[in-house]
Amino acid sequence: MNKLLIIFGLLISLSSCIEITDDITINADGSGLFKYAINLSESKVKVNSLLALDSIEGKKVPTLAEIESKIVEFKKIFASKPGISNVKIESDFTNFIFKLTCNFSSVNTLQTAVKEVIKEISNEKNSAELEAVWLKWDGQKLERSIPDITIKKSKEFKTEDIEQLKKGKYTSISRFAKPIEKCSNPSGIISKNKLAAMVQTNIYSLTKNPKLLENTIYLFPNKN
Amino acid sequence: MKHLSFVICSLIFTASFAQKSEDLIPRDAVTVFSINNFTLLQKISLDDLVKYEFMAEVQSELFDGSTSGKTLKDAGIDFDQKMNIFYGRGKEYEISGFTFGIKNKTDLFQVFDDFQLADSKIPGTETYTSFFNSLIIKGNSALLIRVEPLQDRVNELTDSIWYANGNESPWVDTYEEMEEDLKEESEKEVLQEEIYEEMPEATQPKTEDEFPVAEENPLQKNYYEMRDSVEMVLQVGFLDAICKDLFVSNLNLKAVDSRFAEQLTHPSEGIFFLDNSRNLQQSKRIWYLETMFPTLYTDLKELYTGNVLLGDLLLNNNSVQFKMESRYGEKLGSIYEKLNHSKFDKKVLNYIHKDNTAYFTYNVNLREAYEQAFKVIMPILTNEKNTQMSTSVLALDLLNEFINKDALFGTYKGSMFGTFNGIKKVKTTKIEFTYDEETFEYQEKEVKAEEDMPIFTLGFSTERNDIPLKVLQHLSRLTSRFQNKGTYWVFENAILNAAPLYMIANEGLFIFTNDQDLAENHVKGYGKEALAKKDAAKAAKSGSMYANINLAQAIDRFPRDFFSSKQNEILDAMRGKTGSMELTSSKTTKEKTSFDLLYTYGGTYDNAGKYLLDLMNSLYIISK
């Protein structure tokens with residue numbers, strides 16, 4: 001399964017013009033819906049050219065069939081985690097867009113499942129980053145950050161790709177059943193219906209400052 | 001007085017017959033690079049030198065810190081002698097290494113510090129060995145060599161000894177064992193941990209590999225140990241034979257190959273030698289031919305006799321010239337001569353833009369070459385008295401009668417051209433996520449985008465444009481991706497599933513390109529914007545091949561991602577240099593074709609030796 005990370009690491013690090021969206025919806029009971037999308041359509045010529053090669057810098061370039069089978073395997077592992085259900089992965093190999101959606105019973109189960117899957121499919125068995133807490137929900141506020149492991153991977157980009165990285169976009173959306181009062185990130189914006197908060201940054205800035213996506217979202221207190 | 005005469009005569013005799021570095025090149029060498037003007041390399045640091053691929057193969061051991069901060073000048077090497085780098089693959093072993101002159105042995109061993117003095121079996125020589133290589137010194141010349149027996153030969157001998165000793169197949173139950181191993185792998189890990197825990201800390205091994213493997217009888221070798229012994233014995237035997245040839249019988253490449261000996265006399269900075277006939281004979285794939293069709297093998301060997309590539313490297317004030325001569329035997333030469341008996345198609349020049357970065361023309365006559373090859377090769381095949389071969393000969397003969405050669409060679413005559421027009425933005429589409437302000441729900445929207453793409457044009461001369469057009473018309477009925485645009489055809493998303501490929505059929509040319517501008521606006525050629533007359537004349541005058549590259553524009557603009565790692569290695573060797581590169585070829589005769597590669601660089605460069613090494617390295621990677 002480690003191969004899946006290599007596959008995506010390779011494609012992402014070499015295509016560089018990438019759009020990532022993570023979107024979490026938290027219901028009143030703490031359960032919710034998680035969506036994660038990677039969009040490489042702006043680099044599809046480059047991705048196709050990479051896939052046409054046998055190897056890049058000593059690493060074997062996988063075939064589309066290999067990528068597909070690894071995605072299926074990933075889905076199977078993720079779906080087996082407690083508290084995770086309705087796992088769906090959509091793969092568009094024409095535009096190179098990959099979307100994961102799943103339901104979770106609580107923020108903690110989602111976080112644990114993600115950590116366990118990363119441990120299973122990568123060599124990062126005892127990484128300190130995996131012990132960190134990226135999501136904290138107490139019913140009134142959600143504290144969010146993105147795992148350092150993502151930043152680490154992003155730093156592997158070559159300097160010549162920096163211009164492309166500046167075009168890359170990371171969007172983090174948090175949705176709730178109740179209206180949002182405020183959010184801590186100065187770049188964060190709240191939707192007109194007050195039920196969603198969004199932070200956007202370019203991938204290059206994110207590699208320089210991982211805290212750019214940190215955000216604590218406060219909901220209006222319950223009226224008793 | 002008598003004594004003085006004797007001393008003078010002895011000195012003259014010794015000087016005349018002392019072996020120079022070029023006399024130490026084994027006759028098994030198939031490829032040799034020989035640097036004559038070695039002084040050019042004095043400034044090259046050893047650290048830089050050992051990084052070249054052609055050096056790395058033989059002296060990986062040298063790159064261990066002993067070379068740090070030193071130049072070749074500090075290494076005790078004699079710059080008055082040639083340095084010769086060689087490689088060869090025979091039927092039983094592979095050799096690689098280099099020969100050079102020695103000025104100061106103490107300095108030399110500061111660099112070659114891994115070598116230990118060993119017993120020399122040849123009088124008058126000193127032998128030093130390291131883990132992989134041997135260094136043999138005679139007088140002021142040295143041979144650094146690595147001899148590796150071919151693995152097939154080692155396996156064959158090991159198997160023979162193994163079975164003769166009454167052993168069973170070493171591979172019995174291998175698959176079952178592998179399966180068991182896999183099953184037990186996880187259990188083993190746990191077991192290992194338990195063993196470690198029970199052992200006193202001081203004796204705990206660091207890794208699983210450090211557990212000794214005990215044999216029931218220590219004198220009894222297992223298969224792998226026997227294989228290692230066989231390999232070692234073969235290696236020693238082959239090296240001894242090579243040394244005997246070189247130092248006792250004076251049989252070296254220079255002595256046995258007059259073409260190489262003649263090449264060594266050239267006053268150029270470096271020479272190149274590649275014996276293609278031996279490459280063919282020793283090719284792994286030829287064994288089947290040799291075993292099953294011995295007559296055919298002998299005839300083919302004869303056909304390839306004399307097939308050699310000779311080259312000279314000349315360093316001028318602001319250019320490097322690489323002159324190559326491809327020589328071949330008469331029969332093969334007669335095919336090449338017919339192949340190159342072709343009139344240059346000037347129409348192609350109209351499709352090469354004057355500002356283009358790189359282009360080539362290739363001008364051959366496939367029809368005449370086919371007829372001649374049929375005349376030369378059919379008697380060879382017919383000569384082989386074998387049912388299988390006779391059936392193939394009959395099939396070939398019938399095919400030759402039934403095929404419409406006018407249509408076939410009228411469609412593809414063999415002449416073609418290609419251009420690289422740099423990187424252009426091509427129109428593609430991308431998917432954008434758009435967010436609704438009210439809810440931040442997002443939707444996918446297809447929008448137009450642009451991506452960088454190398455722009456290539458490839459065209460060939462044809463008398464039968466109707467045939468490829470017929471194919472396109474049928475394909476367009478099958479899929480809407482093929483569209484007739486009147487003056488050209490387009491195949492949507494043909495390139496990397498994103499960009500269109502345009503096809504132009506005009507005036508005896510059929511052209512493939514991803515250059516939208518050429519298809520839409522220059523379907524009849526570039527006219528006044530085409531290649532300048534002077535440049536066009538050079539291409540027209542050249543023999544079968546002509547190529548021109550603007551290095552400053554081309555190399556830096558070649559997109560790395562579109563090339564394999566080996567191709568990138570070659571490009572890296574050339575990267576960062578300005579100037580132009582031009583390849584011309586002579587008219588082909590029955591004996592030879594000459595090629596001339598002129599690399600003119602702009603500006604001044606301090607270190608011409610670096611250029612020489614870069615070029616040699618590129619050649620080495622190509623010929624490897």
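Throughout, protein chains are lettered first and strands after them, A, B, ... in sequence-line order, and every chain is numbered starting at 1.
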*Asks:* Quick one, F440(B) and L195(A) - any side-chain contact, counting heavy atoms below 4.5 Å?
*Replies:* no
*Asks:* Kindly indicate whether the side chain of F433(B), heavy atoms from C-beta on, has any atom under 4.5 Å from the side chain of T171(A).
*Replies:* no
*Asks:* Strictly distance-based, threshold 3.5 Å: is any side-chain N or O of S41(A) a donor or acceptor partner for the main-chain N or O of I431(B)?
*Replies:* yes
*Asks:* Under 3.5 Å, which donor-acceptor pairs link side chains of residues 94-104 of chain A to any protein atom two or more places apart or in another chain?
*Replies:*
{"unit_1": "N95(A)", "atom_1": "OD1", "unit_2": "K44(A)", "atom_2": "NZ", "d": "3.2"}
{"unit_1": "N95(A)", "atom_1": "ND2", "unit_2": "D92(A)", "atom_2": "OD2", "d": "3.2"}
{"unit_1": "K99(A)", "atom_1": "NZ", "unit_2": "E444(B)", "atom_2": "OE2", "d": "2.2"}
{"unit_1": "N103(A)", "atom_1": "OD1", "unit_2": "N86(A)", "atom_2": "ND2", "d": "2.8"}
{"unit_1": "N103(A)", "atom_1": "ND2", "unit_2": "G32(A)", "atom_2": "O", "d": "3.4"}

*Asks:* Quick one: salt bridge (charged side-chain N to carboxylate O under 4.0 Å, His left out) partners of E441(B), sequence neighbours excluded?
*Replies:* R175(A)
*Asks:* More than 12 heavy atoms of other residues, nucleotides or ligands under 6.0 Å from NZ of K178(A): yes or no?
*Replies:* yes
*Asks:* Charged N to carboxylate O under 4.0 angstrom, K192(A) versus E438(B)?
*Replies:* no
*Asks:* Below 4.5 Å from any heavy atom of chain B, which atoms of I190(A) appear? Answer side chain, backbone, both or neither.
*Replies:* backbone
*Asks:* Give the C-alpha distance, both sets of side-chain angles, the deciding distance and a yes or no for side-chain contact (heavy atoms from CB on, under 4.5 Å) between Y442(B) and M198(A).
*Replies:* CA-CA 12 Å; Y442(B) 51 93; M198(A) 176 162 77; over 6 Å; no
